[in-house]
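Written below as structure tokens is the structure these notes are about.
Convention: sequence-line order gives letters A, B, ...; per-chain numbering from 1.
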Amino acid sequence: MNQIIPPENLPELLERAHLMAGVSLAQIAAQRGLNVPRDLKRDKGWVGQLIEMELGATAGSKPEQDFLHLGVELKTIPIDSQGRPLETTYVCVAPLSNIQGLTWQNSLVCHKLQRVLWVPVEGERHIPVGERRIGTPILWEPDPQELQLLQQDWEEIMELIALGKVEKLTARHGEVLQLRPKAANSKALTQSIAEDGSLKMTNPRGFYLKTSFTAMILNKVFG
DNA sequence: AGCTGATCATGC
DNA sequence: GCATGATCAGCT
């Protein structure tokens with residue numbers, strides 16, 4: 001497969017992203033020589049990886065921003081016909097042990113969300129995957145209020161994790177950031193802190209942005 | 001109808 | 001198992 005060179009600077013990345021606006025996923029896939037899946041049931045990350053490829057993101061599973069040299073994290077977000085998010089947005093894995101001394105400022109959530117390039121994509125299931133169109137990209141940096149909301153939720157969630165109450169945390173905690181399972185299935189286990197401070201095993205969790213929060217981000221641009 | 005918990009693919 | 005990319009789908 002022909003590799004696309006990573007963008008050298010931010011304007012170049014934004015130019016590439018803007019050129020994709022209005023284009024269908026089938027068109028992009030054809031350029032990349034890829035088949036379009038009939039649905040996303042077994043290809044949940046397909047859209048995101050397609051957009052990554054087209055923008056020249058360095059593929060990989062490193063816990064870092066997609067464009068580290070530009071300080072930009074790339075997120076595709078499925079939207080309905082009115083431009084509202086259809087799904088929450090996965091941010092990163094949540095640390096459940098060895099978290100002493102971890103602060104918001106040096107957390108992975110804070111680092112990844114410093115600057116995000118949102119690429120909206122039509123996501124309603126009645127639209128065939130190939131016919132779904134890419135929308136106008138949005139470069140977002142959290143404003144002080146958004147940062148404060150994120151930090152507050154993060155600190156509240158991490159505090160409960162530190163106290164060994166991870167099992168008591170549900171997706172209902174947090175205003176804008178939530179903790180949910182993130183694993184192959186519910187049998188996956190990872191180390192976490194127990195209430196007595198020892199270690200135990202629990203299901204891995206991840207941080208997700210709630211749709212009400214990402215809806216505000218998209219609305220700041222499109223109203 | 002929206003949300004929460006569960007799940008799918010892939011490369012170490 | 002962990003981390004990437006996320007969406008699925010049953011339940012409320």
TODO: Would you please say whether a donor-acceptor pair under 3.5 Å links the side chains of A:Q152 and A:Q148?
DONE: yes
Open item on the list: With a 4.0 Å limit, can you tell me whether A:R180 has a side-chain N or O closer than that to the phosphate oxygens OP1/OP2 of B:dA6?
Closed with: no
Open item on the list: Using OP1 and OP2 only, check whether a side-chain N or O of A:K112 sits under 4.0 Å from C:dG5.
Closed with: yes
Open item on the list: Whole angstroms only, please: what is the NZ-P distance between A:K62 and B:dG11?
Closed with: 15 Å
Task: Whole-Å distance separating the CD atom of A:E64 from the C1' atom of C:dG5 - done: 16 Å
- [ ] Have a look at A:T88 and say if it touches a base, only the backbone sugar-phosphate, or nothing, with a 4.0 Å heavy-atom cut-off.
- [x] base
Open item on the list: Base, sugar-phosphate or nothing for A:A184? Non-hydrogen atoms, less than 4.0 Å.
Closed with: base
- [ ] With the side chain of A:K75 defined as its heavy atoms from C-beta on, choose the nearest nucleotide among C:dA6, C:dC2, B:dT4.
- [x] C:dA6
Open item on the list: Taking only side-chain N and O atoms of A:T211, does any of them lie within less than 4.0 angstrom of OP1 or OP2 on B:dG2?
Closed with: no
Open item on the list: Between the opening five pairs and the closing five pairs of the helix from B:dA1-C:dT12 to B:dC12-C:dG1, how far apart are the helix axes, to 10°?
Closed with: 30°
Open item on the list: Is the phosphate of C:dT4 approached by A:Q49 (side-chain N or O, under 4.0 Å from OP1 or OP2)?
Closed with: no
Open item on the list: Can you measure A:M53 atom CE to C:dA6 atom P for me and round it to whole angstrom units?
Closed with: 12 Å
Open item on the list: I'd like to know if A:K41 reaches the base of C:dT7 with its side chain such that a donor and an acceptor end up less than 3.5 angstrom apart.
Closed with: no
Open item on the list: By nearest atom, which of the nucleotides C:dT7, B:dA6, C:dA3 is closest to the A:V93 side chain?
Closed with: C:dA3
Open item on the list: Once you apply a heavy-atom cut-off of 4.0 Å, does A:K182 come out as touching a base, just sugar-phosphate, or nothing?
Closed with: base
Task: Result of checking A:L150, A:T89, A:D153 against A:F213 for side-chain contact (heavy atoms from CB on, under 4.5 Å) - done: A:L150
Task: Any donor-acceptor N/O pair under 3.5 Å between C:dA6 base and A:Y208 side chain - done: yes
TODO: Scan side-chain atoms only and decide if A:R180 and A:T88 contain a donor-acceptor pair under the 3.5 Å cut-off.
DONE: yes
TODO: Please state whether the phosphate of B:dT10, meaning OP1 or OP2, lies under 4.0 angstrom from any side-chain nitrogen or oxygen of A:S61.
DONE: no
Task: Shortest side-chain distance from A:N185, nucleotide among C:dG1, B:dT7, C:dC2 - done: B:dT7
TODO: Quick one: label A:D66 by what it contacts on the DNA or RNA (base, sugar-phosphate, nothing), any heavy atom closer than 4.0 Å.
DONE: sugar-phosphate
Open item on the list: Nearest to the A:T76 side chain among B:dT4, C:dA6, B:dA6, which nucleotide is it?
Closed with: C:dA6
Open item on the list: Is there a side-chain contact between A:Y90 and the phosphate of C:dT7, meaning an N or O under 4.0 Å from OP1 or OP2?
Closed with: no
Task: side-chain contact (heavy atoms from CB on, under 4.5 Å) partner of A:L117, chosen from A:I138, A:L14, A:D66, A:I51 - done: A:L14
Open item on the list: Counting the atoms with a prime plus P, OP1 and OP2 as sugar-phosphate, which does A:G48 contact under 4.0 Å by heavy atoms, base, sugar-phosphate, or nothing?
Closed with: sugar-phosphate
Task: Sequence neighbours excluded - side-chain hydrogen bond (donor to acceptor under 3.5 Å, both in side chains) pairs with any residue from residues 36-51 of chain A - done: none
Task: Nucleotide nearest A:L108 when distance is taken to its side chain, options C:dG5, B:dG5, C:dT4 - done: C:dT4
Task: Nearest to side-chain heavy atoms of A:P63, which nucleotide of C:dG5, C:dT4, C:dA9 - done: C:dT4
TODO: Indicate whether OP1 or OP2 belonging to B:dT10 is found under 4.0 Å from a side-chain N or O atom of A:R42.
DONE: no
